[in-house]
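Everything on this sheet refers to the single structure shown next.
None of these values were measured; they are calculated from a predicted model. One-based numbering, in listed order, for ligands and for the atoms of each. Just so you know, these numbers use all the heavy atoms, side chains as well, and skip hydrogens, waters and symmetry mates.
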Amino acid sequence: MSDAIKHECGIAQVRLLKPLEYYKEKYGTAFYGVNKMYLLMEKQHNRGQDGAGFASIKLNVQPGERYISRVRSNQAQPIQDIFEQINQRINDEMKEHPEYADDIALQKRKIPYLGELFLGHVRYGTFGKNSIESVHPFLRQNNWMHRNLIVAGNFNMTNVNQLFNNLVELGQHPKEKADTVTIMEKIGHFLDSEVRKLYKKLKKEGYTKQQASPHIAEQLNVAKILKKSSKDWDGGYAMAGLMGHGDSFVLRDPAGIRPCYYYKDDEVVVVASERPVIQTVFNLNFEDIKELDPGHAIITKKNGDVSITKIIEPLERKACSFERIYFSRGSDAEIYKERKMLGRLLMPEVLKAINYDTINTVFSFIPNTAETSFYGMVEAAQDELNRQKNEAILTEKENLTDERLQEILAHRLRTEKIAIKDVKLRTFITEDSSRDDLVAHVYDVTYGVIKEEDNLVIIDDSIVRGTTLKKSIIKMMDRLNPKQIVVVSSAPQIRYPDCYGIDMARLEDLVAFRAALELLKEQDNYQLVEEVYKKCKEQLNLKDKDVQNFVKEIYDPFTDEQISAKISDLLSEPTVKADVKVIYQSVDNLHKACPKNLGDWYFTGDYPTPGGNRVVNRAYINFFEGNKDRAY
Ligand SMILES: NC(=O)CC[C@H](N)C(=O)O
């Protein structure tokens, strides 16, 4: 991926169902859970590098003993940082107290981070700042065990401001406007009232306050709390939480926008944002791991009972297709196939662009995530080459010499590693006059493999803003003097902002939107821009469910090809000598390649929740008024 987009987050939750001695016995360490958490988080580092956090809970401790530990970091290598801190503490304790070595009960009482219940998070922020206070998990403390709440999520709510105001209306005074705090306080509010109700009931039954506590923990209806809390949430989410006494949950949004997978046996319950992560860390088969159904929660009670419960009536399933195109690790068996198919399905258009001249064409990809779709594209190109060879052999079969046959067969597909990412270069680049020249060097190229008569076909996962393509990649590739540069996007044109966890909230940043505006200008139809603005303004006070996406009208006058052609213009600077052509995946082909993840609002403008239309409406108003605010 050439555009740096902030996106996603990853969650990891582990509950050990047996006593810690069991893991010491079977796996040689009582720190089994901590170790697994490290792996689960590290293998999801792709999902978030702004920050990382870890929390653990010990079950059944005595009053006066600590049972919740948490560590967070927003350092450059946040996962490494938190686990270094955890290791340091553990090692110090073990060194100072040799008597802990074989005494698991003592270890549990004395050593932080050791416990039965864990929650981890890797963050790319979509809301608020990148301060340490914004790093998950968030903690809501209380002296009653069952009122402690720890929350982390991969989410974005379109109506977080409204949810914040709801809390204020409830009489609360949130100390900050972080979206995770708002969500946590909502759950906390219903947790408190559920606890109060249970206490009243138990009191009537004759229990004292102290006697009531364990019964409250036991009878706490987590599903009911989640139902009440999530009633007004509009967004994409996989929200994970722990309660001080030991219950835990993960709730997935009703359209299944954000991903969530789980595994359970009699030793562990594991939940994570990606399937292959669980598969690798626990050495499991693909089929062992289940996807959490949209609108459902996986709830594990302190006593180890696990249930999958419907919390919200599911909407039409619209799982985010960007997870398949780019975010998730391509090591998932399904995702790997899907990415290859994305590359393959683009081939007919590529062949047209290179005029079927497979001899004078070099195929390549933008590192690193586009590599898999590149393999798919190459396989399809290979098929084409074989077809061409067959055809040549059949037409010439009457007078085919051995020499000529060798010549036909010798024709190989030319695949090369052309673009090289020099990641570190970004750090030195500041705002000064030589900036563009420096930026051009963020990517480097391989010299000596392109001839002047060559087409250079290069695939990327998607093109969001196109800035790096324009400022670096295309300029650098042009230094190799190809005849034509064909940039292929495995995703369709990104036309609308996301509001469910990917940080692309501003319309004018999207190169497809800028292309449509250019076309409107060229066709003397620019007044449409103001007409759409007026329509958007008129919707400002409507209920979310009544808001329509009028931004579609900006694209309506044009075919996909017209917009792609304009994007090609926008991406090639006047100094670029080669012809530049950009080819995008069609939405139909995207769905063919990724049949289970049909969420496509950023390409089509069809938002799966009512709040999406409000966000795109607001994003357009912001664009028109030159307002740099976020649309949610
Ligand atoms: N990408 C995400 O899921 C972000 C989670 C949350 N909205 C935050 O900003 O911290």
Side-chain angles (χ1 to χ4, degrees), residues 1 3-13 41 44-55 70 72-74 78-79 82 119-140 150-164 174 176-187 229-230 233-241 250-253 255-261 271-274 277 292 319-320 322-323 326-329 464 497-506 599 601-602 609 611-612 615 629-632:
M1 167 73 109
D3 285 305
I5 46 170
K6 293 289 184 94
H7 57 84
E8 298 322 316
C9 277
I11 53 167
Q13 192 185 70
M41 289 175 67
Q44 294 188 88
H45 75 266
N46 51 303
R47 300 188 70 84
Q49 281 150 37
D50 285 347
F54 168 101
R70 179 180 63 154
R72 298 182 293 174
S73 169
N74 63 348
I79 305 174
I82 58 174
L119 180 58
H121 187 261
V122 290
R123 177 176 193 248
Y124 266 132
T126 57
F127 190 95
K129 301 168 297 250
N130 195 16
S131 61
I132 186 77
E133 289 80 21
S134 310
V135 178
H136 311 209
F138 283 67
L139 176 58
R140 184 181 196 257
I150 303 173
V151 169
N154 168 201
F155 75 101
N156 198 68
M157 302 297 175
T158 68
N159 60 341
V160 64
N161 290 322
Q162 181 207 324
L163 296 172
F164 182 88
E176 53 185 320
K177 219 174 168 177
D179 57 351
T180 319
V181 173
T182 307
I183 298 302
M184 180 175 69
E185 289 302 338
K186 189 88 174 179
I187 304 172
S229 322
S230 60
W233 297 354
D234 182 295
Y237 51 88
M239 289 304 303
V250 182
L251 168 62
R252 189 176 185 199
D253 66 84
I257 296 171
R258 297 272 60 95
C260 188
Y261 294 87
V271 188
S273 300
E274 297 187 22
V277 171
L292 185 61
C320 172
F322 244 108
E323 287 287 346
Y326 170 63
F327 299 141
S328 298
R329 278 158 80 101
V464 187
D498 182 76
C499 49
Y500 304 116
I502 312 172
D503 192 21
M504 43 177 173
R506 288 171 29 156
W601 49 92
Y602 15 66
T609 73
V615 171
D629 288 348
R630 268 169 202 276
Y632 51 79

Check your understanding: Would you call the rings of His121 and His136 parallel, tilted or perpendicular, where under 30° means parallel and over 60° means perpendicular?
Key -> parallel
Study note, to complete from the structure: Which of Phe322, Phe155, Trp601 passes ring pair (Phe, Tyr, Trp, His ring centres under 6.0 Å) with Tyr500? Answer is Trp601
Point to revise | contact_flag His136 ligand 1 heavy-atom lt 4.0 Å | key: yes
Exercise for review: Taking only heavy atoms of Tyr124 into account, list the atoms of ligand 1 that are under 4.0 Å away from them.
Suggested key: 1 (N), 2 (C), 4 (C)
Check your understanding: Relative to ligand 1, is Thr126 under 4.0 angstrom through side chain, backbone, both or neither, heavy atoms considered?
Key -> both
Review point. Looking only at non-hydrogen atoms, which of Thr180, Asp179, Ile502 approaches atom 7 (N) of ligand 1 most closely?
Key: Asp179
Point to revise | Polar contact flag for Gly125 and ligand 1 (N/O pairs, less than 3.5 Å) | key: no
**Study point:** Ligand-residue contact atoms, ligand 1 with Gly501, heavy atoms, under 4.0 Å
**Key:** 1 (N)
**Study point:** Numbered atoms and elements of ligand 1 in range of Asn154, under 4.0 angstrom, heavy atoms
**Key:** 2 (C), 3 (O)
Point to revise | Intermediate values then yes/no, salt bridge (charged side-chain N to carboxylate O under 4.0 Å, His left out), Arg140 and Glu185 | key: CA-CA 8 Å; Arg140 184 181 196 257; Glu185 289 302 338; 2.9 Å; yes
Study note, to complete from the structure: Result for side chain to side chain contact (heavy atoms under 4.5 Å, CB included) between Met157 and one of Ile183, Asp234, Asp253 points to Ile183
Review point. Counting only heavy atoms, which portion of Arg123 has something under 4.0 Å from ligand 1: side chain, backbone, both, or neither?
Key: side chain
Check your understanding: So, does Glu323 use its side chain to make a donor-acceptor pair with the main chain of Arg258 at under 3.5 Å?
Key -> no
Point to revise | Expected output: side-chain Gln49 to main-chain His45 donor-acceptor under 3.5 Å | key: yes
